[in-house]
Amino acid sequence: MEEVDVEPSTTLIPGAGFYQKHLGFEWGPGDLIVYETNYKLQGPRSAGSPSVHIVRRDEDICSPILRKLFSESHLIFVGLQKIKEDVFVSISKNYRSVIRACMEELQQNAGKRSHDTHPVSILLAIELIWNLCEVLFIDAAPAGSLLLQLLDWVRLHKSDVDAKAREVLQSDSPAQHQSYWDVISLVLQGRTDEARQVLSKQASLRAESSSVFKRMDGLLQTMPIFNPTGTQTLTEFEVKWRHWHEECDRCLQDNTFASNRHLETICKILVGDEDTLLEQKELLSTWYHFLVTRLLFTHPTIKPPDLHYYAQSSMNMFLGPRASPEPLDIILLSAFEFDLHQVIKDCSIALNNWWFVAHLTDLLDHCKLLQSHNLHFGSNLREFLVLEYASGLFTHHSLWQLAVDYFDHCPEFGRVYLELQIERVPLDTERKAIKVLRICEDRQMSEQVRSICKIMAKRALRNNRLGSALSWTIRAKDAAFATLISERFLQDYSNKGSFTDLDLLDNLGPAMLLSDSLTFLGKYREFHRLYGEKRFSEAARLLLSLMTAKIAPRSLWMTLLTDALPLLEQKEVKTDNSCFTVTQLPQ
């Protein structure tokens, strides 16, 4: 990605610089650690004490509701990687439904805890940007359909209009309600049928002005709306719309609504009078709502390439010369200019985590909408953002499992990142270690498999859990450690006179060949089992082979001879010439 073309904001760190030394820093997946170095710094002395400071932390990952967003979007992401059909609009809507569900849940909680309003505003902005990108890039609506989708976009994100209309209509006297003339909001969104319903309440009360209300009702009723699925061509629609627009203009010129200033205002809106539209700033609330309303009543067949001109001029007109656009305004303007890379860049700077840019970029990449945009260190834009997002997930105690799938779908650097991150997962429990191990085994990450098994084996050995230690050592295929644990087993046997973890020792199978000591342990346990089952001839032959194979520890030689004595008394062994005919211990 390109360098930020604005000066970065200054973050003051209280207490840093007490000893007038240079600060060092280290980026982590979720935060930035700043610390004092041994290098002297010239400058004024500041108050405080030297320490390590966490400057920025991604707190979203700690929110239970936002964790739902991460979990559910992970399923959509994985499904998208397997899809070959062109169903990207449906995938985009799935992402937005997850965002909206989390946003609504956060809004409910925000009423109880005021500090939760920030995540809500972030999600509102994310859903607003995503929805616009869906309209402009993924669905790529043509002229005619484009304005209809932009109207739906505005209506979805300006939902207070519905609440006000319901409040007015459900009141005892709608025409006398203080918010009655906010019916203009419905007109601004092109919702003419609902506006007519509200206006009818006033018309029924004022018989003397019923004719002007009826005239306005006629204009609203006949307002042409393009139907993409109908038989009418775009040219036919334009002709019909122009006739209707001229009729509205004649009513204005004839002072048809001069007796009622509210109806006159509505008529001025219908003809697209910009000064009148700008007077409705409070009802419009945003420049992009103003843009869509302006297009609705002046240029309903706007073509995508012309959108950027109207967007820029609408923002300038609405905000005025003194107001500066917010980051959200800049992002939306870049979208209207069809500058995808700028949208992604600005979102990466403005938003507080990588979730949005990673998933949106991945979807746009599947739509073949991102040009080849390789970064200086080799990865493309899509992979870079997915890797950054997945690396952040690895800092969480449970979400790290989701990150594995993201790394799997980064063909260039995904495996390298996974190998580095998987070693940092704290192996708090044996269950968690098994999860990590299975991930590594499934991906043939042999070095990580050995490392995990060694760590767990040493931990089990420290806790004197010999069976668990041996099991982990066998999985690690560590011959030296297997020898050490086998000797501990035999030492334990010498002290107690019996073996522990019989299920493991009885089922070692080929794993006992890992080391001579483990082979002896497994065979010696087998000897005890045969002896216990009174299969004395087999037990004698096995004991003899252990004596002559030179793998028995010197400390157990006398024990083996002692084990042989009871066998010499057995008739079965005495008549078996192959047992104990000549026994010579190793020198």
Side-chain angles (χ1 to χ4, degrees), residues 143-144 146-148 150-151 153-155 158 161 164-165 179-196 198-199 202-203 209 211-226 237-303 306-323 333 336:
L146 176 58
L147 182 64
L148 296 177
L150 289 176
L151 280 170
W153 173 63
V154 163
R155 291 166 186 168
K158 191 77 171 63
V161 175
K164 284 185 178 180
S179 300
Y180 176 80
W181 284 108
D182 284 351
V183 65
I184 293 174
S185 297
L186 294 170
V187 178
L188 293 171
Q189 291 189 359
R191 297 160 65 174
T192 53
D193 289 339
E194 294 163 83
R196 289 173 59 213
V198 177
L199 287 174
Q202 185 78 231
S209 58
S211 60
V212 291
F213 277 93
K214 190 173 182 180
R215 184 72 179 113
M216 176 56 69
D217 184 75
L219 291 177
L220 294 173
Q221 185 178 17
T222 57
M223 179 180 174
I225 300 294
F226 182 70
F237 168 76
E238 286 180 324
V239 171
K240 187 176 180 180
W241 183 86
R242 198 174 299 113
H243 287 318
W244 172 84
H245 195 263
E246 289 170 356
E247 185 180 355
C248 294
D249 193 50
R250 276 196 301 272
C251 289
L252 203 58
Q253 298 301 325
D254 296 343
N255 295 320
T256 304
F257 304 107
S259 61
N260 189 309
R261 62 183 179 86
H262 297 294
L263 294 181
E264 189 173 38
T265 297
I266 293 175
C267 191
K268 287 180 179 179
I269 290 172
L270 296 182
V271 298
D273 182 74
E274 291 178 349
D275 291 335
T276 304
L277 289 174
L278 288 172
E279 289 172 2
Q280 312 305 317
K281 276 189 177 183
E282 187 176 340
L283 296 177
L284 289 167
S285 72
T286 61
W287 68 266
Y288 44 88
H289 188 180
F290 168 67
L291 162 67
V292 176
T293 301
R294 181 186 173 198
L295 291 174
L296 174 64
F297 296 115
T298 60
H299 198 353
T301 56
I302 181 77
K303 296 177 182 177
D306 300 329
L307 200 53
H308 72 94
Y309 164 74
Y310 286 94
Q312 181 70 68
S313 61
S314 295
M315 187 175 77
N316 293 341
M317 291 167 64
F318 192 87
L319 297 181
R322 296 183 180 179
L333 184 60
F336 283 121

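All values below were derived from every heavy atom in this structure, side-chain atoms included, with hydrogens, water molecules and symmetry-related copies excluded. Computed from a predicted model, the values in this text were never measured in an experiment.
In this structure, the separation between OG1 on T276 and CD1 on I266 is 11.5 Å, given to the nearest 0.5 Å. Taken to the nearest 0.5 Å, the CH2 atom of W241 stands 9.5 Å off from the CZ atom of F297. Distance CG/L151 to NE2/H289: 8.0 Å, rounded to 0.5 Å. Taking CG from L291 and OG1 from T293, the interatomic distance works out to 8.5 Å, rounded to the nearest 0.5 Å. Between atom OG of residue S314 and atom CD of residue E274 there is a gap of 7.5 Å, rounded to the nearest 0.5 Å. We find the CD-CD distance between E282 and Q280 to be 9.5 Å, quoted to the nearest 0.5 Å.
Between Q189 and E194 the shortest side-chain heavy-atom distance does not fall below 4.5 Å. Taking the side chain as every heavy atom from C-beta outward, F318 and L284 approach each other to under 4.5 Å. Between L188 and L277, some side-chain heavy-atom pair lies under the 4.5 Å cut-off. Inter-residue side-chain proximity for L220 and L199 is flagged as met; some heavy-atom pair is nearer than 4.5 Å. Looking at L296 and M223, their side chains come closer than 4.5 Å, going by heavy atoms from C-beta outward. Looking at N260 and M216, their side chains never come closer than 4.5 Å, going by heavy atoms from C-beta outward. The closest side-chain heavy-atom distance from P300 to F237 is below 4.5 Å. Side-chain contact between I302 and L146 is present, with at least one heavy-atom pair separated by less than 4.5 Å.
Note: Y288 and W153 have tilted aromatic rings, judged against thresholds of 30 and 60 degrees for the angle between ring planes.
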Show your working on side chain to side chain contact (heavy atoms under 4.5 Å, CB included) between W181 and T265 and close with a plain yes or no. CA-CA 11 Å; W181 284 108; T265 297; over 6 Å; no

Under the side chain to side chain contact (heavy atoms under 4.5 Å, CB included) rule, what do K158 and S185 come out as? Steps first, then yes or no, please. CA-CA 10 Å; K158 191 77 171 63; S185 297; 5.9 Å; no

Given side chain to side chain donor-acceptor pair (under 3.5 Å), test T256 with R215 step by step and report yes or no. CA-CA 8 Å; T256 304; R215 184 72 179 113; 5.5 Å; no

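The nearest pair of heavy atoms linking V161 to R191 is CG1-NH1, 3.9 Å. The minimum heavy-atom distance linking L219 with C248 is given by the pair CD2-SG, 4.0 Å. Of all heavy-atom pairs between A311 and W287, the closest is O-CZ3, 3.6 Å.
Salt-bridge formation is detected for the pair R196/D193: a Lys NZ or Arg NE/NH1/NH2 atom is positioned less than 4.0 Å from an Asp or Glu carboxylate oxygen.
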